[in-house]
Amino acid sequence: MQGNEYLNNHLRQSLALLKQAHAGQPPSNSLFAAIRADIAKRVEMDEGYKARLNRRLDVLSQTTANILVIGAEGAGKSATLNALFGNSQTQESTPVEGTIIRQTLNNLTVFQAPLPGYGQNADAAQIELAALLGETDQSGEPLIDLVMVVLDASNSNLDDAYLDICHTVLPMMGEKLQQRLMVLFSKADKVASSIRGSRVDEMMPLDAEIWLDCTAATLRYRLIHNTGVYTKPLAFSALGHESPTGRPYNLLKLLARMMAAMPEEKRLLLLNQPLSQGDNVWRDHDDRLLYLQSVENLCFDTLHIGAYDGDRFGGQLGAFLGRHGRALGDILSDRIRLQLGITV
């Protein structure tokens with residue numbers, strides 16, 4: 001693809017300044033400091049185990065992460081980020097160049113970009129996106145840790161978006177694209193009313209769930225068949241305007257899936273953010289998995305090297321590892337609930 005060299009170089013300079021700004025920068029609003037304080041108070045942990053956990057926290061707290069959210073205009077990119085990080089009072093939003101917007105949180109940078117396709121700035125958008133997705137960090141790894149493609153589930157024609165993913169986004173991602181790609185169906189609360197043509201007084205009626213599952217399966221099959229990339233599209237609602245409860249839907253599932261897709265040493269970073277607070281934000285989701293338990297397991301496995309799936313015993317986080325594991329499990333369970341502002 002032929003590119004505008006000035007635009008390409010300008011974006012690369014902006015990204016280089018971004019990486020310099022993050023280098024060695026300790027996170028604010030630190031979840032890590034709170035976990036350290038909790039560990040120091042636990043009498044059932046011996047000093048050697050505490051030292052081991054603190055060394056691990058030293059490593060985790062110095063990491064930085066970058067997420068790219070791509071979607072057509074009106075697909076729900078900003079709504080998704082506001083639903084997740086809605087408690088932020090200090091987030092910085094600045095244009096990187098042209099159509100890409102950057103938001104800076106706690107050692108986490110989120111980029112928003114339009115889905116390349118049609119429009120007056122389609123060529124410029126492709127050049128900017130290619131430069132961003134082609135950038136690497138100091139270790140030679142892709143700078144963007146997670147690419148989230150947001151599609152409007154209430155739009156019955158998703159073929160154009162699929163073609164953009166298949167023919168534009170995936171070739172730009174280069175290495176490790178399967179591990180870094182998430183496809184999201186936003187506005188799931190509007191699907192039922194789109195199907196029936198009238199307002200529906202159910203959170204997720206069966207016909208809407210079947211439509212979303214079939215659409216996700218079709219997209220998944222087409223991506224596997226045509227590109228060899230396997231992904232499981234996730235349906236959610238950031239705002240819940242069409243929902244009878246007015247609450248977001250599957251937001252906790254989205255957070256759990258994001259953590260699972262991130263590099264292991266960057267997973268806790270997603271929780272060290274000004275996350276939205278309250279049971280009403282996180283409570284409504286499908287019943288296919290226990291998503292809060294998934295978040296707990298991922299945090300435990302990240303902090304205790306060698307743990308698997310939370311090392312639960314009798315349902316208790318970390319209990320398989322004895323008193324040390326139980327104590328760490330209690331700390332993480334309590335801290336996660338505090339970060340999310342939930343009581344259940």
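If you read the sequence from its start, that first residue is 1, and numbering goes on from there. Only this structure's heavy atoms are used, side chains among them; waters, hydrogens and symmetry mates stay out.
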If a pair satisfies ring-ring contact (aromatic ring centres under 6.0 Å, His included) and one of its residues is in residues 131-155, list it, with sequence neighbours excluded.
-> none
Hey, does the side chain of Thr168 reach the backbone of Ile165 with a donor-acceptor pair shorter than 3.5 angstrom?
-> no
Would Leu81 and Lys77 satisfy side chain to side chain contact (heavy atoms under 4.5 Å, CB included), going step by step from the backbone distance to the final call?
-> CA-CA 7 Å; Leu81 297 176; Lys77 301 185 296 295; 5.8 Å; no
Would you say the side chain of Asn250 lies within less than 4.5 Å of the side chain of Ser237, judging by non-hydrogen atoms?
-> no
With rounding to the nearest 0.5 Å, note down the distance linking OG1 in Thr63 to CZ in Arg267.
-> 12.0 Å
Nearest-0.5 Å distance that lies between atom CG in Asn107 and atom CD in Gln62 = 7.5 Å
Shortest non-hydrogen contact from Val110 to Val69?
-> CG1-CG2, 4.0 Å
Leu151 and Met173: same hydrophobic cluster, using ILVMFWY side-chain contacts below 4.5 Å?
-> yes
Return the set of residues passing side chain to side chain contact (heavy atoms under 4.5 Å, CB included) with Leu270 (not counting sequence neighbours), or none when no residue passes.
-> Ile67, Leu108, Met258, Met259, Met262
Look at the side chain of Thr136 and the backbone N and O of Pro142, then say whether any donor-acceptor pair between them is shorter than 3.5 Å.
-> no
What closest approach, in Å, do Gly341 and Gln277 show between heavy atoms, and which atom pair accounts for it?
-> CA-OE1, 3.3 Å
side-chain hydrogen bond (donor to acceptor under 3.5 Å, both in side chains) with Arg323: which residues, sequence neighbours excluded?
-> none
At what distance, to the nearest 0.5 angstrom, does OG1 of Thr231 lie from CG of Leu181?
-> 4.5 Å
Kindly state each residue pair satisfying salt bridge (charged side-chain N to carboxylate O under 4.0 Å, His left out) with at least one member in residues 138-147, sequence neighbours excluded.
-> Glu141-Lys176, Asp145-Lys266
With a 4.5 Å heavy-atom cut-off, do Leu252 and Ile342 have their side chains touching?
-> no
Pick from Leu129, Leu133, Leu170: which one makes a side-chain contact (heavy atoms from CB on, under 4.5 Å) with Val147?
-> Leu133
Pairs flagged by salt bridge (charged side-chain N to carboxylate O under 4.0 Å, His left out) wherever residues 210-233 is involved - sequence neighbours left out = Asp159-Arg222, Asp213-Arg288
Output all residues satisfying side chain to side chain contact (heavy atoms under 4.5 Å, CB included) with Pro205, sequence neighbours left out; order by chain, then residue number.
-> Ala192, Arg196, Val200, Glu202, Asp207, Ala208
Taking only residues two or more places apart in sequence, or in another chain, which ones meet Tyr221 in a side chain to side chain contact (heavy atoms under 4.5 Å, CB included)?
-> His225
Where do Leu328 and Arg42 land on the side chain to side chain contact (heavy atoms under 4.5 Å, CB included) test, with the steps shown first?
-> CA-CA 9 Å; Leu328 180 59; Arg42 300 305 292 240; over 6 Å; no
Looking at Gly318 and Phe300, what are the two nearest heavy atoms and their distance?
-> CA-CZ, 3.5 Å
Between CZ on residue Phe185 and CG on residue Leu234, distance to nearest 0.5 Å | 10.0 Å
Compare all side-chain heavy atoms of Leu269 with those of Leu60 and state whether any distance is below 4.5 angstrom.
-> no
Please report the closest heavy-atom contact between Arg283 and Asn280, naming both atoms and the distance.
-> NH1-OD1, 3.6 Å
To the nearest 0.5 Å, tell me how far Leu255 CG sits from Leu275 CG.
-> 6.5 Å
If only atom types and distance count, is the side chain of Trp282 paired as donor or acceptor with the main-chain N or O of Leu340 below 3.5 Å?
-> yes
Would you mind listing every salt bridge (charged side-chain N to carboxylate O under 4.0 Å, His left out) that reaches into residues 245-261, with sequence neighbours excluded?
-> Arg247-Asp284, Lys253-Asp286
Heavy-atom donor-acceptor pair, Gln273 side chain to Asn106 backbone, under 3.5 Å | yes
Is there a chain of hydrophobic side chains (I, L, V, M, F, W, Y, each step under 4.5 Å between heavy atoms) that links Leu298 to Leu53?
-> yes
Hey, is the main chain of Leu31 close enough, under 3.5 Å, to the side chain of Arg335 for a donor-acceptor pair?
-> no
Are Leu292 and Leu289 in one and the same hydrophobic cluster, where Ile, Leu, Val, Met, Phe, Trp and Tyr link if side-chain heavy atoms are under 4.5 Å apart?
-> yes
Evaluate side chain to side chain contact (heavy atoms under 4.5 Å, CB included) for Val150 paired with Leu115, printing each intermediate quantity in order.
-> CA-CA 9 Å; Val150 181; Leu115 192 64; over 6 Å; no
Any side-chain heavy-atom pair from Arg56 and Thr302 closer than 4.5 angstrom?
-> yes
Quick one: CD1 on Ile144 to OG1 on Thr109, what's the gap to the nearest 0.5 Å?
-> 8.5 Å
Which residues satisfy the side chain to side chain contact (heavy atoms under 4.5 Å, CB included) test with Leu57, sequence neighbours excluded?
-> Phe32, Ile35, Arg36, Ile39, Asn54, Leu303
Backbone N/O of Leu271 and side chain of Gln339: donor-acceptor pair under 3.5 Å | yes
Which pairs count as ring-ring contact (aromatic ring centres under 6.0 Å, His included) when at least one residue sits in residues 244-268, sequence neighbours excluded?
-> none
Any donor-acceptor pair under 3.5 Å linking the side chain of Ser294 with the backbone of Leu290?
-> yes
Consider only side-chain heavy atoms of I, L, V, M, F, W and Y, link residues closer than 4.5 Å, and tell whether Leu254 and Leu239 are in one cluster.
-> no
Would Val191 and Glu209 count as a side chain to side chain contact (heavy atoms under 4.5 Å, CB included) if you check the C-alpha gap in whole Å, the side-chain angles of each, and the deciding distance to 0.1 Å?
-> CA-CA 9 Å; Val191 169; Glu209 188 172 357; over 6 Å; no
Closest non-hydrogen atoms of Met45 and Ile331, given as atom of the first, atom of the second and distance, are CE-CD1, 4.0 Å
Within residues 319-344 or reaching into it, pairs that qualify as ring-ring contact (aromatic ring centres under 6.0 Å, His included) - sequence neighbours excluded = Tyr49-His324
Side chain Ser276, main chain Ala83, donor-acceptor under 3.5 Å | yes
Check Leu184 against Phe236 and note the closest heavy-atom contact, atom names and distance.
-> CB-CE2, 3.7 Å
Give every residue pair that meets the salt bridge (charged side-chain N to carboxylate O under 4.0 Å, His left out) criterion with at least one member in residues 294-320, sequence neighbours excluded.
-> Glu296-Arg312, Glu296-Arg337
